[in-house]
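Written below as structure tokens is the structure these notes are about.
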Amino acid sequence: MQIDPNARIVVLTGAGISKESGLDTFRDADGIWAKVSLEDVATPEGFARDPALVQDFYNDRRRGLLDPAVRPNAAHAALARLEHEWPGEVLVVTQNIDDLHERAGGRAVLHMHGELLKSRCVRCDTVAHCRQDLSADLSCAACGRPGGLRPHVVWFGEMPLEMERIFAALAGCGLFVSVGTSGTVYPAAGFVMEARGAGVPTVELNLEPSDGASLFDRAIHGPASEIVPAFVDDLLVGNR
Ligand code: BJW
């Protein structure tokens with residue numbers, strides 16, 4: 001694929017990129033929403049109803065992410081390589097709350113749905129690193145008040161993070177690539193239309209055609225650990 005080597009590339013990633021690292025997706029047959037109700041664990045109303053249930057859900061996932069067996073795969077590594085070798089800017093916008101892009105060496109990563117290894121105090125809004133279980137017994141290290149720590153994640157009905165930076169990056173980019181996302185959750189699902197509206201070429205890299213596959217100029221289907229490295233090689237070689 002030939003694009004201006006000085007152009008900015010925006011890559012949107014979703015749960016599919018981390019599947020081969022051992023983390024569950026949401027909407028696949030064996031995904032997270034087949035096991036728990038999203039209304040119970042991923043809404044502010046669910047948290048208000050049963051905070052312990054929600055904390056347990058994220059405590060389990062945090063422990064899973066910190067399991068030594070969970071490591072970045074070849075797709076995360078390829079995107080980090082693209083960031084370092086592409087002459088223009090590369091911005092990875094991830095819906096994932098894991099830190100596998102960073103562990104693979106990615107630095108220009110925006111976590112629009114938050115980060116599992118951070119907590120947020122609902123009383124003073126302080127965001128802090130967090131590798132431990134959260135519970136109602138803990139106090140915020142910044143304001144000292146008890147019971148207000150929650151996972152720093154974006155639930156349904158809440159405003160995703162970094163939206164101004166993301167829309168500005170999309171408007172001026174030369175290529176938009178979507179990796180491992182079903183394209184069902186907004187506003188991320190609308191980024192392809194935003195890019196198209198600005199005349200930007202769009203590519204989907206996913207295991208299978210996503211809900212919005214027909215909106216992309218080009219689609220490549222297969223496991224992320226195979227198709228993302230091949231796509232990145234193609235981009236870097238094609239523009240040498
Ligand atoms: C592989 C693979 C392999 C597998 N290789 N691929 C009606 C219309 C429009 C919008 C709405 C509406 N009603 C409500 C809304 C808004 C709502 C929404 O979109 N709802 C939809 C369900 C309809 N959105 C919100 O509430 C958001 N906030 C918001 O909109 O604020 C207002 C606003 C408007 C405009 C601008 C700005 C703001 C907040 C959404 C928060 C989402 N939170 C979650 C959970 C929290 C984090 C966590 O616990 O992890 O985020 S939900 C969950 O879904 C998680 C994910 O980030 C997100 C997306 O999922 P993703 O990544 O796409 O995973 P899957 O499982 O769906 O797909 C995986 C894909 O990978 C599949 O296609 C597989 O095939 C593929 N795959 N293996 C490659 N090896």
Using side chain to side chain contact (heavy atoms under 4.5 Å, CB included) as the criterion, point out the one residue from Glu162, Arg165, Gln95, Met159 that pairs with Met112.
Gln95
Please confirm whether the backbone N or O of Leu53 pairs with a side-chain atom of Asp50, one donor and one acceptor, at under 3.5 Å?
yes
How many angstroms lie between atom CG of Leu138 and atom CG of Leu149, to the nearest 0.5 angstrom?
6.0 Å
Check whether any side-chain heavy atom of Val92 sits under 4.5 Å from a side-chain heavy atom of Thr13, and report yes or no.
yes
Measure the CG-CD1 distance between Leu79 and Ile17 for me, rounded to the nearest 0.5 Å.
4.5 Å
Does the Asn206 side chain pair with the main chain of Gly180, one donor and one acceptor, at a distance under 3.5 Å?
yes
What's the shortest heavy-atom distance between Arg8 and Gly172, and which atoms?
NH1-C, 3.5 Å
Evaluation steps, side chain to side chain donor-acceptor pair (under 3.5 Å), between Gln55 and Ser135
CA-CA 6 Å; Gln55 297 287 25; Ser135 73; over 6 Å; no
Derivation of the side chain to side chain donor-acceptor pair (under 3.5 Å) call for Asn73 and Ser21
CA-CA 6 Å; Asn73 64 54; Ser21 293; 3.0 Å; yes
Do Val11 and Leu91 sit in the same hydrophobic cluster, where Ile, Leu, Val, Met, Phe, Trp and Tyr count as joined when their side-chain heavy atoms come under 4.5 Å apart?
no
Check: Glu83 side chain, Ala108 main-chain N or O, donor-acceptor pair, under 3.5 Å
yes
Determine the minimum heavy-atom distance between Pro151 and Arg62, stating which atoms define it.
CB-NH2, 4.5 Å
Are Arg150 and Trp155 in a cation-pi contact, defined as NZ or CZ under 6.0 Å from the six-membered ring centre and within 45° of the axis?
yes
When hydrophobic residues are tied together by side-chain contacts of less than 4.5 Å, even through go-betweens, does Leu207 share a cluster with Leu12?
no
Where is the tightest heavy-atom contact between Gly174 and Pro201, given as atom of each residue plus distance?
O-CD, 3.2 Å
Looking only at heavy atoms, which two atoms of Cys143 and Arg123 are closest? And how far apart?
SG-CB, 4.5 Å
Any donor and acceptor pair, going by atom type alone, linking the side chain of Arg103 with main-chain N or O of Arg71 inside 3.5 Å?
no
All heavy atoms of Asn96 vs all of His111, minimum pair found to be O-ND1, 2.9 Å
Under a single-linkage definition using a 4.5 Å side-chain heavy-atom cutoff for Ile, Leu, Val, Met, Phe, Trp and Tyr, are Leu110 and Leu170 assigned to the same hydrophobic cluster?
yes
Quick one: SG on Cys130 to CG on Leu134, what's the gap to the nearest 0.5 Å?
4.0 Å
Any chance you could measure Ile3, atom CD1, to Leu235, atom CG, to the nearest 0.5 Å?
6.0 Å
Quick check for you: to the nearest 0.5 Å, what is the distance between Ile166 atom CD1 and Phe191 atom CZ?
4.5 Å
Lys19 bridged to Asp28 by N-O distance under 4.0 Å
no
Just by modelled atom types, is the Arg81 backbone N or O under 3.5 Å from a matching donor or acceptor in the Trp86 side chain?
no
Lys35 and Asp24: salt bridge (Lys or Arg N to Asp or Glu O under 4.0 Å), yes or no, with the steps?
CA-CA 11 Å; Lys35 298 168 200 153; Asp24 285 338; 2.9 Å; yes
Exercise: identify the closest heavy-atom pair between Asn6 and Pro87
OD1-CB, 4.3 Å
Using atom types as modelled and distance alone, determine if a side-chain donor or acceptor of Arg107 lies under 3.5 Å from a backbone N or O of Glu102.
yes
Is it the case that the side chains of Ser18 and Asp98 hold a donor-acceptor pair, with the cut-off being a distance below 3.5 Å and no angle test?
yes
Can you tell me how far OH of Tyr58 sits from CG of Asp133, rounded to the nearest 0.5 angstrom?
14.5 Å
Looking only at the side chains, is there a donor atom on one of Thr202 and Asp217 sitting less than 3.5 Å from an acceptor on the other?
yes
Testing the 3.5 Å rule here: is there a donor-acceptor pair between the side chains of Glu204 and Ser178?
no
Glu20 side-chain N/O to Ala224 backbone N/O, donor-acceptor pair under 3.5 Å
yes
